[in-house]
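Have a look at the structure below, then the notes.
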Amino acid sequence: MNYWLIKSEPFKYSWDQFEKDGKTIWDGVRNYQARNNLREMKKGALCFFYHSNEGKEIVGIAKVVKEHYQDPTSTDPNWVVVEIAPFKKLKKTVTLEQIKTQPRLAEIGLVKQSRLSVSALKAHEFDVILELSATK
DNA sequence: GCCAACGTTGGC
DNA sequence: GCCAACGTTGGC
């Protein structure tokens with residue numbers, strides 16, 4: 001099972017909005033690497049939901065409820081979306097600052113490629129973040 | 001196919 | 001608001 005980290009500016013689409021909606025399609029991805037990641041997201045996969053710019057923290061976990069299909073906001077079949085639903089809100093958010101102080105998280109996409117909106121996480125990275133969210 | 005110019009993202 | 005990092009575009 002793979003894990004993922006997806007980013008959104010809370011100004012555009014926040015976790016709170018996500019919870020209100022119950023589920024959402026992750027649309028508007030216009031980056032090939034991010035697109036490739038979307039294509040690999042399997043139903044049931046878990047994704048950390050990160051707020052960029054404002055907050056700069058992981059706020060919750062989403063779950064993939066529908067695998068990729070063509071982005072309805074584009075006519076180009078290259079672009080795809082996935083459907084996700086809120087899975088769990090973190091008790092304690094995990095800030096970028098915390099992540100950066102964790103040697104075990106030095107390699108995650110969020111730090112190494114901060115611009116990528118959908119990045120993959122190793123299982124152990126997922127676990128470390130979970131730990132942080134519970135023990136802050 | 002190279003590379004400079006430009007646009008976008010996101011941390012600070 | 002600035003700037004670094006990175007992706008994309010377009011001229012040659």
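Letters go in sequence order (proteins before strands), and every chain restarts at 1. Predicted model, so just to flag it, every value in this text is computed and none were measured.
- Across all strands shown, Leu96(A) has heavy atoms under 4.0 Å from sugar-phosphate atoms exclusively, and none from any base.
- Within the structure, ring-ring contact (aromatic ring centres under 6.0 Å, His included) contacts touching residues 97-133 of chain A (residues at least two apart or in different chains) are Tyr3(A)-Phe126(A), Phe48(A)-Phe126(A).
- In this view, Gln113(A) and Gln33(A), Leu116(A) satisfy the side chain to side chain contact (heavy atoms under 4.5 Å, CB included) rule, not counting sequence neighbours.
- One can place CZ of Arg30(A) at 12 Å from P of dT9(C), the figure rounded to the nearest angstrom.
- Protein atom CD1 of Ile108(A) is 11 Å distant from nucleotide atom P of dG11(B), rounded to whole Å.
- Take Gln70(A) and apply the side chain to side chain contact (heavy atoms under 4.5 Å, CB included) test, not counting sequence neighbours, and it matches Pro77(A).
- Here Ala106(A) pairs with nothing under the side chain to side chain contact (heavy atoms under 4.5 Å, CB included) rule; sequence neighbours left out.
- When all heavy atoms of Val118(A) and Asn37(A) are compared, the pair lying nearest together is O-ND2, 2.6 Å.
- The closest side-chain donor-acceptor pair between Thr95(A) and Glu57(A), if any, does not fall under 3.5 angstrom.
- Atom pair Tyr50(A):OH and dG10(B):P shows a separation of 9 Å (rounding to whole Å applied).
- The C1' atoms of five pairs define one axis at each end of the helix from dG1(B)-dC12(C) to dC12(B)-dG1(C), and these two axes lie 10° apart (to 10°).
- Straight-line distance from the NZ atom of Lys112(A) to the C1' atom of dG11(B): 17 Å, rounded to whole Å.
- Using a 4.0 Å cutoff on non-hydrogen atoms, no part of residues 75-82 of chain A comes near DNA chain B.
- When the P atom of dC12(B) is taken as reference, atom NZ of Lys56(A) falls 6 Å away, rounded to whole Å.
- If you take CD of Gln113(A) and P of dG10(B), they are 12 Å apart, rounded to a whole angstrom.
- Each of Lys100(A) and Lys12(A) was matched to the nucleotide of DNA chain B holding its nearest heavy atom; the match closer to the 5' end belongs to Lys12(A).
- One can place CG of Leu5(A) at 17 Å from P of dT9(B), the figure rounded to the nearest angstrom.
- Spacing between atom CG of Leu110(A) and atom P of dC12(B) amounts to 10 Å, rounded to whole angstrom units.
- The ring-ring contact (aromatic ring centres under 6.0 Å, His included) analysis of residues 73-107 of chain A, with sequence neighbours excluded, yields the pairs Tyr32(A)-Trp79(A).
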Please list, for nucleotides 2-8 of chain B, all pairs of protein and nucleotide N/O atoms separated by less than 3.5 Å.
residue, atom, partner, partner atom, Å
dT8(B), O2, Arg115(A), NH2, 3.0

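- Listed by chain and residue number, nothing satisfies the salt bridge (Lys or Arg N to Asp or Glu O under 4.0 Å) test with Glu40(A) (two or more places apart in sequence, or in another chain).
- Taking the side chain to side chain contact (heavy atoms under 4.5 Å, CB included) definition, one finds that His51(A) meets it with Pro10(A), Ser14(A), Trp15(A), Phe49(A), Val59(A), sequence neighbours left out.
- Within the structure, the ring-ring contact (aromatic ring centres under 6.0 Å, His included) test picks out no pair touching residues 103-122 of chain A (sequence neighbours left out).
- Hydrophobic clustering, defined by side-chain heavy atoms of Ile, Leu, Val, Met, Phe, Trp and Tyr closer than 4.5 Å, groups Tyr69(A) together with Ile25(A), Val81(A).
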